[in-house]
Amino acid sequence: MPLAVGTLSSLLTKNSMENFAMLQKPTFAPPGFLFPVVWTILYVLFYQILKPAGYLMIPYLLWVTFAGYLNLGICLLN
């Protein structure tokens with residue numbers, strides 16, 4: 001389900017990456033193609049509900065924190 005919603009949102013906002021490319025970004029910002037790859041991997045990790053699945057939330061939390069930090073950096077730079 002999360003992958004389907006992600007695909008739909010990417011179709012609705014397909015031109016937004018051009019706008020994003022024009023923004024000033026922090027020097028440590030990864031390339032744009034990395035974001036959908038990481039989100040897909042993170043969503044595929046929560047496929048089964050198991051006790052160890054809680055540990056798989058750690059990379060998700062780290063990525064969301066990093067993405068939030070990047071958003072703040074972009075907001076402050078622009």
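Since the structure is predicted, the reported quantities are computational estimates derived from the model, not experimental observations. By convention here, the first residue in the shown sequence is residue 1. Side-chain atoms are counted along with the backbone in the values below, which use heavy atoms only and exclude waters and symmetry mates.
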Distance (rounded to the nearest 0.5 Å) between C75 SG and L70 CG: 12.5 Å
Atom pair CG (N78) and CG (L23), whose distance is rounded to the nearest 0.5 Å: 4.5 Å
Got a sec, which residues hit side-chain contact (heavy atoms from CB on, under 4.5 Å) with [X], two or more places apart in sequence or on another chain?
| X | result |
| --- | --- |
| Y69 | F28 |
| N71 | none |
| F33 | P31 |

Remaining members of the apolar cluster that contains L76, side-chain heavy atoms under 4.5 Å: L72
Hydrophobic cluster (4.5 angstrom, side-chain heavy atoms) - remaining members for L8: L12
Minimal non-hydrogen separation, G73 against P26, with atom names: CA-CG, 4.1 Å
Could you go through residues 58-68 and list every donor-acceptor pair under 3.5 Å that involves a side-chain atom there, pairing it with any protein atom two or more places apart or in another chain?
{"residue": "T65", "atom": "OG1", "partner": "L61", "partner atom": "O", "Å": "2.8"}

